[in-house]
Amino acid sequence: MKSEEVKNLIIKSLDADSSPQEMAGKLENAGVSYDFSRGFGDKVIEKLFSASLSVNREVEFVRSMSYVFNRIALTGIAAIIILMISIFLMEGSFSLNSILGLGNNYDESIICMLTGK
Amino acid sequence: MKESYRQTDENELIKASINGDKFAFSEIMDRYRKLVARTVKGMLGDSVFAEDIGQEVFIKLYHSLPEFRGEAKLSTYIQKIAINLTLNEIKRRKRFFSMFSQKGNSEMYEFEVADVDNQEKREATDIVNRALMSLDPKFRIIVSMRMLQGYSTKETAEILNLPLGTVLSRLSRAQEQLKEIIGKL
């Protein structure tokens, strides 16, 4: 089909009394065709499914991190409780000094130690 | 494996795709890739950018399939995604070009009429591309939907969420513009 005919079809296709489907069909028959390049579908599939694969990996990583954190947190809490009990049994109170392991005459001993007097 | 979906009903394909079946989704793409190509390339020209937007359309479709209720046809749903993404791209590029360049709209499109098997077809598609690209985007979408997809004025108004009168007046103004443009092509 010559280019003049294509141009006429373009104008006619917008006429109010023309049938849009019929005109679209005529243009297609005239060679007006649109498609994506070869491998288009494969690229989309690759993007979609490699992306979901990496999302799965991320989810897996977060799950294992949360498992490890739970184990560490539970062990840590148990250690703190044991420490508190032992401090209470040894010192008989939860004062700051007993938690820090400082004796009542600690200040003076440090001064003696530092000054050598 | 993919061939086994050739005759499969669309609803089955949607369900399988939601469950992560890539062959089912690939079949959906095969059925609608030309529809998307006409919409995207009709508005952006036959360029690498249009290919990228085409890919985005199907990626967005895949992610939004669980929300598709089947109230409208799948073709209409895909068409809407394609139109929205294409209009966003036009706006984005307009902003970019107004910031960095003094060039007019018509210069921001590339023409690479690819994969058209013979010279005559190539010329025909090229004429339509040039005519469409010379139009303002708000006219271009309406013209492209009628001329390339065969949508009626009423269908176009519904899909674009525009009053019927607006579509009619834009079509008429676009036709006037096209008469002038085509004379120069």
Side-chain angles (χ1 to χ4, degrees), chain A residues 1-70, chain B residues 20 22-23 25-26 29-30 33-42 46 48 50-51 54-59 62-63 114-118 120-129 131-132 142-143 145-153 155-156 168 171-172 174-175 178-179 181-183 185:
Chain A
M1 189 173 276
K2 288 175 187 170
S3 62
E4 284 307 313
E5 288 173 65
V6 176
K7 288 177 186 175
N8 285 336
L9 275 175
I10 292 173
I11 299 296
K12 275 186 193 167
S13 68
L14 301 186
D15 280 342
D17 53 351
S18 71
S19 153
Q21 280 191 330
E22 189 190 327
M23 296 310 288
K26 281 186 181 176
L27 272 169
E28 205 169 347
N29 291 338
V32 178
S33 67
Y34 289 90
D35 199 355
F36 293 112
S37 59
R38 279 185 205 116
F40 172 84
D42 294 337
K43 280 180 200 163
V44 175
I45 293 291
E46 196 187 315
K47 278 186 182 175
L48 273 173
F49 291 89
S50 64
S52 63
L53 200 70
S54 73
V55 168
N56 283 343
R57 277 185 195 144
E58 275 171 31
V59 169
E60 206 56 42
F61 178 72
V62 169
R63 268 189 201 149
S64 52
M65 284 300 287
S66 131
Y67 175 74
V68 168
F69 177 77
N70 282 342
Chain B
K22 63 178 174 185
F23 296 106
F25 189 69
S26 192
M29 265 198 295
D30 282 351
R33 61 183 278 167
K34 283 197 174 182
L35 172 94
V36 174
R38 280 197 294 266
T39 306
V40 176
K41 292 194 171 185
D46 203 354
V48 283
E51 293 270 333
Q55 288 180 21
E56 266 186 57
V57 170
F58 284 108
I59 289 169
Y62 181 79
H63 291 302
D115 290 350
V116 179
D117 31 27
N118 65 46
E120 205 172 73
K121 278 187 175 181
R122 198 187 166 99
E123 270 175 27
T125 310
D126 194 44
I127 290 168
V128 174
N129 266 342
L132 283 170
I142 289 171
V143 173
M145 285 179 73
R146 185 183 177 93
M147 192 163 75
L148 303 177
Q149 324 262 23
Y151 282 111
S152 69
T153 317
E155 287 168 327
T156 307
L168 281 167
L171 265 178
S172 153
Q175 194 178 26
L178 272 176
K179 279 179 187 168
I181 293 161
I182 278 179
L185 287 177

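Just so you know, these numbers come straight off a predicted model, no measurement behind them. Numbers restart at 1 for each chain; the letters A, B, ... are given by sequence-line order, proteins then strands.
Within the 3.5 Å criterion, the main-chain N or O of A:I11 finds a donor-acceptor partner in the side chain of B:Q175. Although no hydrogens or angles enter the test, the distance criterion places a donor-acceptor pair under 3.5 Å between the side chain of B:R146 and the main chain of A:S13.
If you measure heavy-atom distances from B:Y151 to chain A, the contacts under 4.5 Å come from the backbone alone. Contact annotation for A:L27: only side-chain heavy atoms (C-beta onward) come within less than 4.5 Å of a heavy atom of chain B. Of the two parts of A:S18, the backbone and the side chain both hold a non-hydrogen atom closer than 4.5 Å to a non-hydrogen atom of chain B.
Note: A:F40 CZ to B:Q55 CD = 5.5 Å, rounded to the nearest 0.5 Å. The line from NZ of A:K7 to CG of B:L178 is 12.0 Å long, rounded to the nearest 0.5 Å. Rounding to the nearest 0.5 Å gives a distance of 11.5 Å between CD1 of B:I59 and NZ of A:K43. Rounded to the nearest 0.5 Å, atoms CE (A:M23) and CG (B:L148) are 12.0 Å apart. Separation of atoms NZ (A:K47) and CD (B:E56) is listed at 7.5 Å; rounding is to 0.5 Å. For the atom pair B:L132 CG and A:I10 CD1, the distance stands at 7.0 Å (nearest 0.5 Å).
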What verdict does the side-chain contact (heavy atoms from CB on, under 4.5 Å) test give for A:L48 and B:F58, after you've listed the backbone C-alpha separation in whole Å, the side-chain angles of each residue and the deciding distance to 0.1 Å? CA-CA 9 Å; A:L48 273 173; B:F58 284 108; 6.0 Å; no
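If you run side-chain hydrogen bond (donor to acceptor under 3.5 Å, both in side chains) between A:Y34 and each of B:T39, B:N129, B:T125, only B:N129 comes through.
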